[in-house]
Number of protein chains: 2
Amino acid sequence: MDETSNLSRIDEIVAVHVAELFRALGDASRIQIISALIDNEINVGELAKIAGISESAASHQLRNLRQMRLVKSRKKGREVYYSIDDDHITDLIQRAIDHVAHE
Amino acid sequence: MDETSNLSRIDEIVAVHVAELFRALGDASRIQIISALIDNEINVGELAKIAGISESAASHQLRNLRQMRLVKSRKKGREVYYSIDDDHITDLIQRAIDHVAHE
DNA sequence: CAAACACCTGAATACATGTTCATATATGCA
DNA sequence: TGCATATATGAACATGTATTCAGGTGTTTG
């Protein structure tokens, strides 16, 4: 009805997905994990140390990130190595770090 | 002590700030609000309609965004017009939209 | 095989977050 | 001045989320 403006309103469904993506990045532990994984393949135990959380908590977080297809895992013996699955995310995080850094 | 790898571990404080930034963008209503504000100045009532939430809820969300310095407000008569305060965010959101879009 | 190790999982818990509701403030208008 | 409009606010409530805890699976090693 009200047809006053043709703004850059994005579709609600797109908004939901964008918000989901940002929410997946909205936790300090996950940011530490992902940024450590940039250009590196690291197992769960070491990721837990890096993020300063228990291995169980790390495992839960990694499941989230896997389900969001941000990281992928590879089993090697009894260890599981994680790496970045989505290179666009590297870029997003890098920009956010830069943004936070000089200000 | 353990000095095995010189990875790109970011500082925990930086991680917290980056996570806060992403969390501020981790809600569909806020994404709709911010994306509508790109290149536009819009008042609370209209933003509420755009995001499909009540004016009260919009006001709460806008306070969040103001506190995060992502948007700024300007009072004009009895209406309050909001606009983007941080142009870097436009870029982040645009990238996230692109990323979500083609996939 | 048994024990140690690395990781995963579900339930429980504590805390964060978004919305609603009632109310307050502030501006414009008759 | 009195009333409608636009926005802000705090409390209450419901829902979401991160961690811990207690186990469970699969793998290596002695």
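As the structure is a computational prediction, the values presented were derived from the model and not from experiment. The chains referred to below are lettered A, B, ... by the order of the sequence lines, with proteins before strands, and numbering in each begins at 1. Hydrogens, waters and symmetry mates play no part in the numbers below; they use all other heavy atoms, side chains included.
- The local environment of CD in B/Glu20 is crowded, with over 12 non-hydrogen atoms from other residues, nucleotides or ligands closer than 6.0 Å.
- When the nucleotides D/dG10, D/dG26, D/dC21 are ranked by their closest atom to the side chain of A/Lys75, D/dG26 comes out on top.
- The side chain of B/Gln61 places an N or O atom within less than 4.0 Å of a non-bridging phosphate oxygen (OP1 or OP2) of C/dT19.
- Contact of the B/Leu21 side chain with the B/Leu70 side chain is registered, since non-hydrogen atoms from C-beta on lie closer than 4.5 Å.
- Rounded to whole Å, atom P of C/dA6 lies 16 Å from atom CD1 of A/Ile42.
- Between the side chains of A/His99 and B/Asp86, at least one donor N or O sits under 3.5 Å from an acceptor N or O.
- Heavy atoms of B/Ile53 sit under 4.0 angstrom from primed sugar atoms or phosphate atoms, though from no base atom.
- Nearest to the side-chain atoms of B/Ser29 among the listed nucleotides D/dT7, C/dT19, C/dT27 stands C/dT19.
- Checking each of B/Glu41, B/Arg74, B/Arg66, B/Lys72 against B/Tyr82 for a side-chain hydrogen bond (donor to acceptor under 3.5 Å, both in side chains) leaves exactly one that passes, namely B/Arg66.
- Here the P atom of nucleotide C/dC7 and the CG atom of A/Leu47 are 9 Å apart, to the nearest Å.
- Between B/Glu20 atom CD and D/dT17 atom C1' there is a gap of 16 Å when expressed in whole angstrom units.
- The listed nucleotides are C/dG10, C/dC7, D/dA18; the one nearest the side chain of A/Arg63 is C/dG10.
- Here the C1' atom of nucleotide C/dA16 and the CG atom of A/Asp27 are 12 Å apart, to the nearest Å.
- Relative to the side chain of B/Ser59, the nucleotides C/dC7, D/dT9, C/dG28 differ in distance, and D/dT9 lies closest.
- Here the side chain of B/Arg78 is nearest to one of D/dG26, D/dA4, C/dT20, namely D/dA4.
- Side-chain atoms of B/Ser56 come within donor-acceptor range of the base of D/dT9, with a qualifying N/O pair under 3.5 Å.
- Taking for each of A/Gly77 and A/Ala58 the nucleotide of DNA chain D with the nearest heavy atom, the 5'-most of the two is the partner of A/Ala58.
- With contacts defined as side-chain heavy-atom distances shorter than 4.5 Å, the pair A/Leu25/A/Ile31 qualifies.
- Atom CG of B/Asn64 is separated from atom P of C/dA16 by 14 Å (rounded to the nearest Å).
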(Q) Pair B/Gln61, B/Asn64 - check side chain to side chain contact (heavy atoms under 4.5 Å, CB included), show working. (A) CA-CA 5 Å; B/Gln61 295 291 22; B/Asn64 282 340; 3.4 Å; yes
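- Atom P of nucleotide C/dT27 and atom CG of B/Asn43 are separated by 16 Å, given to the nearest angstrom.
- Within 3.5 Å, no donor on the side chain of B/His60 pairs with an acceptor on the base of C/dT17, nor the reverse.
- In this structure, the nucleotide among D/dA8, C/dA6, D/dT7 sitting nearest to the side chain of A/Glu79 is C/dA6.
- Counting any heavy atom pair closer than 4.0 Å across all strands shown, B/Tyr81 reaches no nucleic acid atom.
- Closest to the B/Arg23 side chain, of the nucleotides D/dA6, C/dC8, C/dT17, is C/dT17.
- The residue B/Glu55 sits close to a base: some heavy atom pair falls under 4.0 Å.
- Distance A/Lys76 NZ to C/dC7 P: 13 Å, rounded to the nearest Å.
- Residue A/Val80 has its side chain nearest to C/dC8 when only C/dT19, D/dT19, C/dC8 are considered.
- When the nucleotides D/dG26, C/dC8, C/dT20 are ranked by their closest atom to the side chain of A/Arg66, C/dC8 comes out on top.
- Between B/Tyr82 and D/dA6 there is no side-chain N or O to OP1 or OP2 distance below 4.0 Å.
- Per the geometry, CZ belonging to B/Arg74 stands 17 Å off P belonging to D/dA6, to the nearest Å.
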